[in-house]
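These numbers come from a predicted model, not from an experiment. Quick note on labels: first sequence line is chain A, next is B, and so on, each numbered from 1.
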Amino acid sequence: MAKHHISMTLNGEPTEFLCSTRQTLLDVLRDELNLTGSKEGCASGDCGACSVMVDDRLVCACLVLGAECDGKTVESIEGMADGENLHPLQQKFLEEAALQCGICTPGVLVAAKALLEKNNNPTETEVRYWLAGNLCRCTGYDKIVRAVMSTAADMRGDSK
Amino acid sequence: MESIQFRKPETVDEAVKLLQGADGNAKILAGGTDLLVQLRAHMIDPSVIVDIKHIDETRELTKNVDGSYTIGAAVAGAEAHERDDITADWPGVIEAWDLIGSTQIQGRASLGGNLCNASPAGDSVPAMVAAGMTANIAGPDGRRTLPVEEITAGPGKTNLKKGEFIVSFNLPAKPSNGGDAYLRLIPRTEMDIAVVGCGAALTLDDSGTVTSAKISLGAVAATVLVVEDAANAIIGTRLEPEAMSALDAACQAACNPIDDKRGTVEYRTKVAGVLGKRVVKIAADRAGNKV
Ligand SMILES: Cc1cc2nc3c(=O)[nH]c(=O)nc-3n(C[C@H](O)[C@H](O)[C@H](O)COP(=O)(O)OP(=O)(O)OC[C@H]3O[C@@H](n4cnc5c(N)ncnc54)[C@H](O)[C@@H]3O)c2cc1C
Ligand code: FES
Ligand code: FES
């Protein structure tokens, strides 16, 4: 069968691609558009390494079909920094060493950004529940949670 | 094999035609959080995938003038959770829905998908049943309405006929002195499948006596259960200890669970009674607070 011709807005840019029905948004990002920031940890919705925003909703790109994305607005980790300027979360993750191997990091950052846009003053419990779908086998989560909390404090302008 | 068609009808009629026309192998796509996993694992091999999210009726969550709600079959959990009206009226339904998966899964997971995937452990289902929800079904012979408890036929199976799909659900208006609740037991605190799930909805009179109740159990039989004996055990009581023991016994007696790594038959049965009592307590507190 002919492939689907899809037009979407990706990280602010109009983007077109061809895909088959079976290809997920994650397959499209990585294999068709060469954006390999979003990772495939499980391809079954469990790990969150493929987290992206579709029409302002946090979702697993491995559980969205590429063909569903016609007319949609998609944001991936590649759109997070503003040129050379890292997003405050990215900067904080570096400063506080909130990553080790880094495989989970793009998904964690996309998910954490979505949280802070909804709630700029989350409790530790709220951060942990929000990120429960982002698995990390290296850090033990504490540094991730602390980095998200301290970014939130910085962005609110609280002094430490 | 590889050539699966992908269609996104904008009307119910178009969707029904596509479902009916496909040589027996059309699959509806709502949030895809079950469907895509099954597709990837080659558990299903559809010839056409019908994305119902472009049909307005499947995407709307409306509070009607009589206080009831119409919930589109493809509305995502995160969308409902952001609504103050339904969250205040039917906290049990919203909590059960919200328990489905992570934040990312919530961005997509629908009630229609949770119900029609027909896992005996689907979290939203006992809460929908307890609340008295019905499903609006469209098909080749027009529309019909069924109580949620009559939709599933067994693990992975529904009573929907060829060409039929759920367009939306009706959730009754909250009775002025009513309350609902849902609890599940899982081995961890997040992201797991229910060992037992229990939903309850009830009404109280001014003296705190239960005037009506509906109690539903999930994950303890092939389909969701409506436990009438449990409701009868508490109707006309003020949830005195004897009534609570009778409720516990009725929940246990209704169970016909499987043994698996998440829980033995004995464990699931005992937990069903415990959850029944806890859920009824929460629902009654909620009903009382609202009088
Ligand atoms: C990581 C992860 C965690 C999860 N955790 C939970 C959990 O804790 N509890 C739980 O209950 N579930 C859980 N699930 C399962 C799943 O997320 C839910 O069942 C969800 O509600 C399915 O909804 P959906 O819209 O994504 O369905 P889809 O995947 O789109 O559809 C599911 C099935 O229903 C059919 N269908 C969908 N809509 C309709 C309709 N309107 N009419 C007729 N048929 C229809 C589809 O054809 C398909 O067979 C989890 C899944 C994942 C990946
Ligand atoms: S790759 Fe998508 S959740 Fe793991
Ligand atoms: S840093 Fe390695 S998985 Fe999180």
Kindly list each side-chain donor-acceptor pair under 3.5 angstrom involving residues 59-69 of chain A, sequence neighbours excluded, with atom names and distances?
residue: A/Glu68; atom: OE1; partner: B/Lys53; partner atom: NZ; Å: 2.8
residue: A/Glu68; atom: OE1; partner: B/Arg108; partner atom: NH1; Å: 2.9
residue: A/Glu68; atom: OE1; partner: B/Arg108; partner atom: NH2; Å: 3.2
residue: A/Glu68; atom: OE2; partner: A/Leu65; partner atom: N; Å: 3.0
residue: A/Glu68; atom: OE2; partner: B/Arg108; partner atom: NH2; Å: 3.0

[atom2] on [Y] to [atom1] on [X], rounded to 0.5 Å:
| X | Y | atom1 | atom2 | result |
| --- | --- | --- | --- | --- |
| A/Asp70 | B/Phe6 | CG | CZ | 9.0 Å |
| A/Arg22 | B/Ser3 | CZ | OG | 9.5 Å |
| B/Ser102 | A/Leu58 | OG | CG | 7.5 Å |

Is the closest side-chain heavy-atom distance between A/Asn134 and B/Gln104 below 4.5 Å?
yes

For [X], is it the side chain, the backbone, both, or neither that has a heavy atom closer than 4.5 Å to a heavy atom of chain A?
| X | value |
| --- | --- |
| B/Leu35 | neither |
| B/Ile49 | side chain |
| B/Gln38 | neither |

[X] atom [atom1], over 12 foreign heavy atoms within 6.0 Å:
| X | atom1 | value |
| --- | --- | --- |
| B/Lys17 | NZ | no |
| B/Arg7 | CZ | no |
| B/Lys63 | NZ | yes |
| B/Arg59 | CZ | yes |

For B/Asp56, the salt bridge (Lys or Arg N to Asp or Glu O under 4.0 Å) test, sequence neighbours excluded, returns none

Nearest heavy-atom pair of A/Thr21 and B/Gln5: which atoms, and what distance?
OG1-C, 3.9 Å

Heavy-atom proximity to chain B below 4.5 Å, by part of A/Ala114
neither

Taking every heavy-atom pair that is under 4.5 Å apart, which of A/Gly48, A/Ala111, A/Ala43 has the most such pairs with chain B?
A/Ala43

Positions in residues 73-80 of chain B that reach chain A, provided some heavy atom is under 4.5 Å away:
B/Ala78, B/Glu79

Between the main-chain N or O of A/Trp130 and the side-chain N or O of B/Thr103, is there a donor-acceptor pair closer than 3.5 Å?
yes

So, using side chain to side chain contact (heavy atoms under 4.5 Å, CB included) as the criterion, who are the partners of B/Asp13 when residues are at least two apart?
B/Thr11

